[in-house]
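Below, chain A is the first sequence line, B the second, and so on; all start at residue 1.
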Amino acid sequence: MQEAIPYRSDRLPTAGGSAAPPPENSNSTVRELVAENAVVVFARKGCCMCHVVKLLLHGHGVNPTIVDIDEQNEAGIKNDLSRILGGGVDGANSGNSGGSAAPVPQFPAVFMGGELFGGLEEIMGAHISGELVPRLREARALWL
Amino acid sequence: MASHRFGEESGPSHHHHLPYALPHMLSSNYLNQEGSSFDFGELEQAIVLQGVKKINNDHDKKQPLIYSSSSTARPAATLEMFPSWPIRFHHHTPVGSSKSGGGGGGGGEESTDSGSAANTVSTTAPESPVSTKPSSSDHHQLQPPQMDGAGGFSQTHQTAGRQTPEKRREPGSDSNKAVDAKTLRRLAQNREAARKSRLRKKAYVQQLESSRIRLTQLEQDLHRARSQGIFLGGGGVAGGSISSGGAIFDMEYARWLDEDLRHMSELRTAVQAHLTDGDLRVIVDAYISHYDEIFRLKGVAAKSDVFHLITGMWATPAERCFLWMGGFRPSDLIKMLISQLDPLTEQQIMGIYGLQQTSQQAEDALSQGLEQLQQSLIDTIANGSINDSMHHMAVALGKLANLEGFVRQADNLRQQTLHQLRRILTVRQAARCFLVIGEYYGRLRALSSLWASRPREALQMADDNSCQTTTDLHMVQSSQNQFSNF
C-alpha cells in the first residue's frame, strides 16, 4: 500500500499510518493535529468501527493519522474537539461560544483538511457516491 | 378387593379381556366363601382361561410369567408375594410347558363361550398324564393349571399336602388349596399387570401435563407479541421467544411488504402506461422513500433487538440464506441488476460497475470490522477470570453493543447503494430497475414458502403439473435460469 506523503513533512510523521501519540490535554495539540494532517481520525482504542474507517481510507491509498482515545484523555479531547467545532476561530473562548453549544462529535470522527468530515456513516456515503476521492484530493491526502 | 384390582387391569396390552372376567367371578366367589363348597365348573373355566393367558403370554413374551420356559427369576418374584408359601412349592410342580402349551394351544383361542372352554378342558385332560412326566426338567416352574386336567389335580394335591396351608383361604379340600395356588398366582400376575399399567398411565398423564403447560406458555407468548405489536408504544417486558422490539419490527415489516406490493403494481402500470418522466419520477422517488422507511424501521429495531435483525428471523428462510449483516448484500444486488438492465450507456455501465466495486469494498471493510469485533468479544469472554468476571461481562456487553452500529452501517450502505443507483440511471431505467428488484425479492420469498411446503419424498415438483402452485413454480424455474449467476 502506497504511503501518502503528508503536506508538512517536517511535522508529525504520518508515515506508516501509525497512531500519533495521544495528545496531552491541551487545545493546541489537537488543533495542530487537525490542522496539519490531511486526514485525522479520532477513535477509541480498539474500536472496530475505527477499523472499518481505516480500511476504507486505506483502500483509497490514504494513511490517516489515528488518534487513540482512551479513558484518560477522552474528556480532554472531546472538549478540544467541541471547541474546535463550535467555538470561535481563536481558542480564547472558554465555555460559552457565541452560538449554540458545539456538538461533541461521535467517535470515530474523521477530520479532513482541517474540517470535521463526519463519522463512518458519512465516509461510507461519500465512498459509495464517489465524493470521497475528490474530497481526499482536496485535503491533499491523495495526489493521483 | 380383587374386583378392584381386576378393574384396573383392562389396560395392559395382552389379550386379557377374557381371563379377567371369569377369574373375577371365580375369585370373588372364592374369597368370599371360606367354606368348602367349591365349584368345579368354575375351576375348569379358570384353568382353561389360565391356559389362554399362558398362550397369549408366550406369544407376547412381554410379561415373563411364571409359566414361561425362560425365566426362573420370575417365579421367585411372584412367590415373594406370598411369603408364607415355602419356596419348595414350585420345585414339585415342574411341567413340560411346551407340551402343555401345545396341548392348551389347541383349544386356547380366546373364546367368550364358556361351553367351548369346557370342551377344551376335556381335550386337554388326557394329555396331562403325559405332561406331568417331565417333572424333572430343568425349568423350575409353577405348574400351569391349564395342563392339569385331572392329572394336574393329583399333582397339586401332592404338593398342596406338603404346604403350610394358606391361612387366608383355608378350604377343607386339597383341591381347594391347589386352586388357591393357581388363583393366587394369577392374582399376583394381575397385580403386576395392574401396577405396570398404572405406571404407564401415570407417565402418559405427566407427559400430557407438560405439553399442556408448554401450550399455554406458547399461547401467552403469542398474545404478548400480538398485543405489543398492536400497541406500538409498549417498550415493556420482553416476551418469551420473541422480544417486543422484534415483534414490533416483524409487524411493521409485514406492513412494509404489503406496501411494497402496492408500489410495485404502481410502478408496473406506470412503466406500461408510458407516463412522462416527471410523473414517473414521482413514483420512483416514492419507491425510494419506501425503502428509506424500512431502513429507518430497522434502525429503530436495531436499538431494541439487534440479534433479531442479525439472525434474520424477520426474513424468510431463503432470504436468510443470503443474509449479510441483517439484510441483503448490496454488491450481490448490483451484480444481479447488471444482467437485467440491458440498455445502458457506456457511462452508466461504468457507473454501475464502479458502484459494484465500491459497495464490495465497503462490505469487505464492514465484514472485517465485524470479524475484529467478534475476535475481541471471544477474547473478552474467554479470558474472564473468576475474580473479575463481572467486569469482563460488562466489557463484553459494551462490545456487543457495537453490533447495533454494524447493522446500522450495513443498512446505511444499502440505502446509499440504492440512492446511487437512482442517480446513475434515468427515470425510466430506474423504474424498471426497481421493478426488477421487487420482483427478485418476491420470487425469493415465494421460493421460501414453496420450499416449506414441498413434498418430502422427492424433488419432483418440476414435473408435477397437478401442483397447485404451478404458476409460482414456473416463475421460480425461470428465475433460477435467469439468476444463475447467484
Trainee: Is it the backbone or the side chain of B:Gln368 that comes under 4.5 Å from a heavy atom of chain A, or both, or neither?
Mentor: both
Trainee: Can you see which heavy atom on A:His127 is nearest to which on B:Thr358, and at what distance?
Mentor: NE2-O, 3.1 Å
Trainee: How many angstroms lie between CD1 in A:Ile123 and CD in B:Gln409, if you round to the nearest 0.5 Å?
Mentor: 10.5 Å
Trainee: Looking at B:Leu377, B:Leu403, B:Asn402, which one forms a side-chain contact (heavy atoms from CB on, under 4.5 Å) with A:Cys48?
Mentor: B:Asn402
Trainee: Considering only heavy atoms, which portion of B:Ser376 lies under 4.5 Å from any heavy atom of chain A: side chain, backbone, both, or neither?
Mentor: neither
Trainee: How long is the straight-line distance from CD of B:Gln361 back to NE2 of A:His58, given to the nearest 0.5 Å?
Mentor: 13.5 Å
Trainee: What part of A:Cys47 lies closer than 4.5 angstrom to a heavy atom of chain B: side chain, backbone, both or neither?
Mentor: backbone
Trainee: Apply the test side chain to side chain contact (heavy atoms under 4.5 Å, CB included) to residues A:Ser129 and B:His419: give CA-CA distance (whole Å), side-chain angles for both, the deciding distance (0.1 Å), then the verdict.
Mentor: CA-CA 8 Å; A:Ser129 65; B:His419 281 249; over 6 Å; no
Trainee: Could you check whether atom CD of B:Glu259 has more than 12 heavy atoms from other residues, nucleotides or ligands sitting under 6.0 Å from it?
Mentor: yes
Trainee: Compare all side-chain heavy atoms of A:Leu55 with those of B:Asp364 and state whether any distance is below 4.5 angstrom.
Mentor: no
Trainee: Quick check: closest heavy atoms across A:Leu56 and B:Ala362, and the distance to 0.1 Å?
Mentor: CD2-CA, 3.9 Å
Trainee: So how far is it from B:Gln357 CD to A:Ile128 CD1, rounded to the nearest 0.5 Å?
Mentor: 11.0 Å
Trainee: Tell me, with the steps shown, if A:Met124 and B:Gln416 meet side chain to side chain contact (heavy atoms under 4.5 Å, CB included).
Mentor: CA-CA 8 Å; A:Met124 195 97 74; B:Gln416 295 296 325; 5.6 Å; no
Trainee: Does A:Gln106, at its CD atom, have more than 12 non-hydrogen atoms belonging to other residues, nucleotides or ligands within less than 6.0 Å?
Mentor: no
